[in-house]
Amino acid sequence: MNRDLIVNLVIFALLVAVALGAHVAGQGFTVTLATKAAILGLAGVGLNLALGYGGLVSFGHAAFFGIGGYVTGIFASHAANGDPILTLPFTLMGSNEMLGIWPMAMLAAALAALLIGALSLRTSGVYFIMVTLAFAQMIYYFAISWPRYGGEDGLSFYVRNSFPGLNTFDPIQYFAICAGLLALALLFTAVVTQSRFGLALQATRQNEQRSTAVGIRATPVRLTAFVLSAMITALAGALYADLNRFVSPSMFSWHMSGEIMVFVILGGVGRLCGPVAGAAVFILLEHLLGPVSDHWQALLGLMLLAIVLFAPGGLIGLTLKALRRTEHG
Amino acid sequence: MLLAEQVLNGLQYGMMLFLMAAGLTLVFGVMGLINLAHGSLYMIGAFACATVAAWTGSFWLGLAASLAAAAAAGALVEMAVIRRLYPRDHLDQVLATFALILVFSEGTRWIFGDFPLYLKLPPALSGAVTLPGGLQYPLFRLVIIAVGAAVALGLWLLITRTRLGIRIRAGEADREMIGALGVDIARLYTIVFALGAALAGLAGALVGSIQSVQVGMGEPVLILAFVVIVIGGIGSIKGALVGALLVGMTDTLGKAVIPGLFARFMEASDANTSGSAVASMLIYILMAAVLLVRPQGLFGARA
């Protein structure tokens with residue numbers, strides 16, 4: 001087994017071990033923290049596909065996270081009151097079934113990503129960052145000023161959606177769902193990045209001119225990666241909505257986009273499990289430093305700054321470097 | 001009459017956005033850096049103005065303090081952090097400046113707390129004036145328009161007519177060459193960054209005077225300034241001015257006109273809610289339209 005694979009397995013195993021250990025010790029709250037780490041890690045895994053492998057620095061992935069969340073909230077609230085969501089062009093009723101909601105959440109995000117991606121990919125570099133940020137902000141303002149689904153106050157629903165054969169209210173069972181989807185997304189990313197498409201995507205990141213010269217049209221490849229990436233992040237948004245049984249416009253905010261990006265970088269750009277490690281460390285810090293000081297985000301900022309300036313490979317990069325050093329030293 | 005008032009509001013909003021966008025686009029044009037912490041400098045200007053104005057009782061001293069504090073913070077950050085980011089890719093720049101936002105926002109919250117501060121305008125600037133045609137309009141908003149126009153003129157003179165301007169333009173064109181010709185590039189970059197920061201601080205102080213001064217006030221404006229730059233073209237001051245006025249006008253007039261327009265074919269309450277929802281998206285639709293026609297922005301040289 002190569003070293004990257006071992007690191008990835010260790011990270012995932014640690015997350016599961018923490019959740020199982022907390023469950024056995026009867027600490028439901030810690031299980032919920034691990035669930036949150038799995039969900040935010042999943043959002044990061046989505047972004048990593050575009051950012052890490054495709055070099056597409058999207059500062060607007062909160063848009064897809066929020067769309068996933070709102071689709072879940074809207075389906076759940078309609079299921080509760082029995083009104084149809086749509087009557088034209090076809091009747092669409094609310095639902096409580098996660099298996100029905102997830103594809104809808106991913107479909108909605110895919111459509112949004114197709115539109116946003118097609119426009120944003122007309123630009124590159126720093127324009128792309130600003131344009132994706134702006135489109136996410138547009139959806140944020142739309143969510144605030146559209147009172148139908150709560151507007152600024154957000155939308156809460158009282159019953160967590162259901163999954164066949166499981167009690168989603170039990171923290172460890174809900175963790176199992178989230179960790180299972182995270183594992184699937186990681187597997188999907190691993191397969192996709194080794195496929196013809198994934199190699200083409202990485203070629204366009206490394207050298208657009210050369211990849212064009214060997215016959216890869218960059219834009220369709222990038223757009224596909226952007227849409228896939230948005231769908232994974234939307235799935236995370238749907239899980240996050242169910243975790244809190246509440247969605248609010250803050251899921252769409254630029255701050256959320258920044259955080260998802262931080263998960264990816266903190267762990268290590270373009271590393272399979274990087275976002276999972278990043279999200280877990282982020283939540284650990286929030287949990288440990290939060291009670292010590294209200295201003296823990298300032299510390300987070302300083303730490304992030306140090307990582308960007310002095311350890312560009314992120315936490316996994318640091319670990320691998322340390323491993324290599326002990327081996328040779 | 002109402003329309004004239006909205007046009008003036010749009011002009012004022014646009015000028016404020018121009019003050020933000022000018023600094024951003026200058027820094028990008030000369031150093032190739034995307035600075036998310038520009039909104040923090042805006043916030044620092046507003047807080048400096050509010051604090052000094054409260055201590056001394058003089059709004060004018062507060063205004064001077066906003067320029068000085070933002071420029072000083074800008075120069076300090078440039079020398080401590082930003083300087084290391086010029087050779088890095090945009091992703092590193094985004095993250096490092098995102099980290100700076102966290103530090104600045106929490107630092108400010110730590111010092112000033114969560115409650116918004118309010119600025120009191122001096123009598124010479126408050127009240128309304130009667131414009132030709134009988135329109136009553138707040139004097140201070142006219143002052144903001146005038147300040148924006150003066151800054152635009154000043155920047156144009158600075159860049160086309162002074163030695164510093166020649167160096168800035170040369171730095172945009174070829175930074176190695178002007179370094180070889182004996183210009184201290186590190187100092188030039190610090191000056192340009194501090195200049196952009198001072199403009200952001202000024203915008204913060206002016207806007208803080210009509211709204212409120214609070215943590216997090218900078219980021220919504222920052223994102224609008226990005227929209228302005230995307231529309232105008234990165235690195236172009238002229239583009240920033242045109243883009244800012246376009247965005248200011250579109251947003252203000254959209255919010256004033258669209259709900260009324262919608263009311264012609266739907267019920268009043270529905271028209272109000274869906275109208276304001278659409279109006280809030282209008283500037284982004286404008287941006288999308290510009291991207292479709294000219295991806296490099298109206299005055300941008302390259303994509």
Side-chain angles (χ1 to χ4, degrees), chain A residues 51-52 55-57 59 115-116 118-131 133-148 151 253-255 257-259 261-262 264-266 269 293-310 312, chain B residues 24 28 32-34 36 80-81 84-85 88-107 109-110 114 216 219-220 222-227 229-230 233-234 273-285 287-289 291-292 294-297 300 303:
Chain A
L51 191 155
L56 304 170
V57 184
F59 206 140
L115 202 64
I116 292 178
L119 283 165
S120 310
L121 283 169
R122 292 176 63 80
T123 67
S124 61
V126 70
Y127 274 93
F128 185 81
I129 301 173
M130 298 200 279
V131 171
L133 176 60
F135 280 125
Q137 196 73 358
M138 170 178 96
I139 299 179
Y140 171 73
Y141 282 123
F142 183 78
I144 281 187
S145 56
W146 187 253
R148 177 72 202 278
S253 74
W254 70 273
H255 209 272
S257 292
E259 275 179 19
M261 201 186 258
V262 167
V264 176
I265 312 301
L266 203 61
V269 186
S293 161
D294 287 341
H295 306 293
W296 74 277
Q297 292 229 334
L299 291 171
L300 175 76
L302 289 174
M303 206 182 90
L304 188 61
L305 205 54
I307 287 196
V308 175
L309 291 179
F310 306 115
Chain B
L24 268 179
F28 186 83
L33 176 99
I34 172 170
L36 294 184
V81 178
R84 296 166 210 277
L85 296 172
R88 301 292 192 85
D89 61 15
H90 293 313
L91 177 60
D92 283 356
Q93 298 174 349
V94 163
L95 278 164
T97 52
F98 179 71
L100 284 176
I101 294 183
L102 295 180
V103 174
F104 275 125
S105 292
E106 285 308 319
R109 187 171 286 145
W110 186 50
D114 263 329
E219 280 68 41
L222 173 85
I223 296 169
L224 285 177
F226 280 163
V227 174
I229 292 179
V230 169
I234 297 187
T273 55
S274 51
S276 59
V278 169
S280 70
M281 297 169 73
L282 210 57
I283 52 172
Y284 304 99
I285 296 170
M287 178 184 82
L291 283 176
L292 280 177
R294 270 183 77 86
Q296 72 274 38

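Sequence lines set the chain letters: A, B, ... in the order given, protein chains first and strands last, and positions in each chain run from 1.
If you take CG on B:Leu85 and CG on B:Leu95, they are separated by 10.0 Å, rounding to the nearest 0.5 Å. B:His90 contributes atom NE2, which lies 8.5 Å from atom CG of B:Leu33 (distance to the nearest 0.5 angstrom). Between the CG atom of B:Leu282 and the CE atom of B:Met287 there is a distance of 12.5 Å, given to the nearest 0.5 Å. Interatomic distance, A:Leu133 CG to A:Phe128 CZ, rounded to the nearest 0.5 Å: 11.5 Å.
With a threshold of 4.5 angstrom between heavy atoms, B:Ser274 approaches chain A through its backbone and through its side chain. For A:Ile129, the part lying under 4.5 angstrom from a heavy atom of chain B is the side chain only. Using a 4.5 Å cut-off between heavy atoms, A:Tyr140 makes no contact with chain B at all. Only the side chain of B:Ile101 comes within contact range of chain A, with at least one heavy atom under 4.5 Å from a heavy atom of that chain. In this structure, no portion of A:Ile116 lies under 4.5 Å from any heavy atom of chain B. Only the side chain of B:Val94 comes within contact range of chain A, with heavy atoms under 4.5 Å apart. Of the two parts of A:Val57, only the side chain, counted from C-beta on, holds a non-hydrogen atom closer than 4.5 Å to a non-hydrogen atom of chain B.
Scanning all heavy atoms of the two residues, the minimum distance from A:Val308 to B:Arg88 falls at O-NH1, 2.9 Å.
Under the 30°/60° scheme for interplanar angles, the aromatic rings of A:Phe59 and A:Trp254 are found to be tilted.
Of the listed residues (B:Arg109, B:Arg84, B:Met281), the greatest number of heavy-atom pairs within a distance under 4.5 Å of chain A belongs to B:Met281. Interface check for chain A: of the options B:Asp92, B:Val227, B:Leu91, the most heavy-atom pairs under 4.5 Å are formed by B:Leu91. Across A:Leu51, A:Ile144, A:Leu305, the residue that shares the most heavy-atom pairs under 4.5 angstrom with chain B is A:Leu305. Of the listed residues (A:Leu304, A:Leu300, A:Leu299), the greatest number of heavy-atom pairs within a distance under 4.5 Å of chain B belongs to A:Leu304.
In this structure, the side chains of B:Tyr284 and A:Ile139 stay at 4.5 Å or more apart for every pair of heavy atoms.
Residues meeting the salt bridge (charged side-chain N to carboxylate O under 4.0 Å, His left out) test with B:Glu219, sequence neighbours left out: none.
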